[in-house]
Amino acid sequence: MRVTSLTALGLAALTVLTATAATGPAPSDDAPATKPARTASVHGSARIHYAFSPDDDIRFTIDAEAAPYSRPLPGLPQGLPTDARGTVTFRHVVAATGQVATAKARVDCLVTGGGTATLTAVVTRSDVGPVGERLGFSVGEGRAGKPDRLGFSWGVANVDPEKADEQGNVTAPKVGTCMAPAPFAPATRGGFRVRHAELPLQPAEIR
């Protein structure tokens, strides 16, 4: 019930935000032309060190671009300011066996803050997991010579302590849009570039 209530509050806040924006003053015909809005993005490719499989070769490639208000949802026909497009691909080679697993996912959400970003993507092809599953990713640009970092939702314990399966074991909740853990894994080769942009209000033509 708490999750449902928080979700409802979040949707209500978005509704109020867009309604308030719609009632703002109309732009003057004499106003100077504004520069095109900056677009948030994440691009790059890296091999990362995953502490629980330190010898494995794990690589991620991210090409994500913000596309605000481009994905209508039930109850939110205008979409969200965090809507995005692009792809995430990853490849995992198990050192002990040589087994190779690959997957590709379609980006649906992106939010940035300085040199960090959180995004989600829905699996479209996979050797190891179900197609249609949403995965969460986070990226942090390294500072002062430190490596970039990446986080991925299945790499840490993502469980719902209040829910259990038929055997009484805790279950893993679904990943919502733009939900991901902190970027816990350092890049050992390659890296990512995060371009930050503030979340935009709705354009006048879709208010």
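All residue numbers refer to positions in the sequence shown, counting from 1.
- Taken from CZ in Arg59 to OG1 in Thr61, the straight-line distance is 9.0 Å, to the nearest 0.5 Å.
- Under the 4.5 Å side-chain heavy-atom criterion for Ile, Leu, Val, Met, Phe, Trp and Tyr, Trp154 and Val123 are members of the same hydrophobic cluster.
- Ala95 and Asp55 get closest at one heavy-atom pair: CB-O, 3.4 Å.
- Using a distance-only test at 3.5 Å, with no hydrogens or angles considered, no donor-acceptor pair links the side chain of Asp56 to the main chain of Val94.
- The aromatic rings of Phe60 and Phe152 sit tilted, their planes meeting at an angle between 30° and 60°.
- Under the 3.5 Å distance criterion, with hydrogens and angles disregarded, a donor-acceptor pair is assigned to the side chains of Thr102 and Arg125.
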Margin query: For Arg38 and Glu198: C-alpha separation, side-chain torsions, deciding distance, then whether side-chain contact (heavy atoms from CB on, under 4.5 Å) applies.
Written below: CA-CA 8 Å; Arg38 183 180 177 90; Glu198 300 295 336; over 6 Å; no
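- Put simply, OG on Ser41 and CZ on Arg85 are 11.0 Å apart, with the number rounded to the nearest 0.5 Å.
- When only modelled atom types and interatomic distance are considered, Thr120 and Asp108 share a side-chain donor-acceptor pair under 3.5 Å.
- Atom CD of Glu166 sits in a sparse spot, with 12 or fewer heavy atoms from other residues, nucleotides or ligands closer than 6.0 Å.
- Remark: side-chain polar atoms of Glu141 are paired, donor with acceptor, to backbone N or O of Val194 under 3.5 angstrom.
- Residue Ala187 comes nearest to Pro147 through the heavy atom pair O-CB, 3.4 Å, listed as atom of the first residue, atom of the second, then distance.
- Nearest approach of Pro54 to His49, heavy atoms of both residues: CB-CE1, 3.6 Å.
- Note that CD of Glu65 is 11.0 Å distant from OG1 of Thr87, once rounded to the nearest 0.5 Å.
- Considering every non-hydrogen atom in both Ala64 and Leu119, the closest pair reads CB-CD1, 4.2 Å.
- Counting only distance, with no hydrogens or angles, the side chain of Arg149 and the backbone of Pro183 share a donor-acceptor pair below 3.5 Å.
- When all heavy atoms of Pro181 and Ser138 are compared, the pair lying nearest together is O-OG, 2.6 Å.
- Taking NZ of Lys163 as the reference point, atom CG of Asn169 lies at 16.0 Å (rounded to 0.5 Å).
- The backbone N or O of Thr39 lies less than 3.5 Å from a partner atom in the side chain of Arg195, making a donor-acceptor pair.
- Asp148 contributes a side-chain N or O that, together with a main-chain N or O of Gly142, makes up a donor-acceptor pair within less than 3.5 Å.
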**Asked** Under the side-chain contact (heavy atoms from CB on, under 4.5 Å) criterion, do Arg71 and Leu80 qualify, and how do the steps go?
**Response** CA-CA 7 Å; Arg71 302 173 62 83; Leu80 295 169; over 6 Å; no
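- Rounding to the nearest 0.5 Å places NE2 of His92 at 5.0 Å from OG of Ser53.
- Looking at Arg134, its side chain never comes within 3.5 Å of a backbone N or O of Lys174 through a donor-acceptor pair.
- Of the possible donor and acceptor atoms, none in the side chain of Asp160 sits under 3.5 Å from a partner among the backbone N and O of Pro173.
- Side-chain contact between Val107 and Val88 is present, with heavy atoms from C-beta onward closer than 4.5 Å.
- Side chain of Thr82 to backbone of Cys109: no donor-acceptor contact under 3.5 angstrom is found.
- Val139 and Ile58 fall within a single hydrophobic cluster, where Ile, Leu, Val, Met, Phe, Trp and Tyr are joined by side-chain heavy atoms under 4.5 Å apart, directly or via other members.
- Atom CZ of Arg47 has more than 12 heavy atoms from other residues, nucleotides or ligands within 6.0 Å.
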* Trace of the side-chain contact (heavy atoms from CB on, under 4.5 Å) decision for Ile62 with Leu150 -> CA-CA 11 Å; Ile62 299 176; Leu150 183 136; 3.9 Å; yes
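- Hydrophobic cluster membership differs between Leu76 and Val122, with clusters built from Ile, Leu, Val, Met, Phe, Trp and Tyr side chains linked at under 4.5 angstrom.
- Val100 and Ile48 fall into different hydrophobic clusters, where Ile, Leu, Val, Met, Phe, Trp and Tyr side chains are chained together by heavy-atom contacts under 4.5 Å.
- Using bins of under 30°, 30° to 60° and over 60° for the plane-to-plane angle, the ring pair Tyr50/Phe184 lands in the tilted bin.
- A continuous path of ILVMFWY side-chain contacts below 4.5 Å connects Phe137 to Val156, so both sit in one hydrophobic cluster.
- Across every non-hydrogen atom of Gly98 and Val93, the tightest pair is O-CG1, 4.3 Å.
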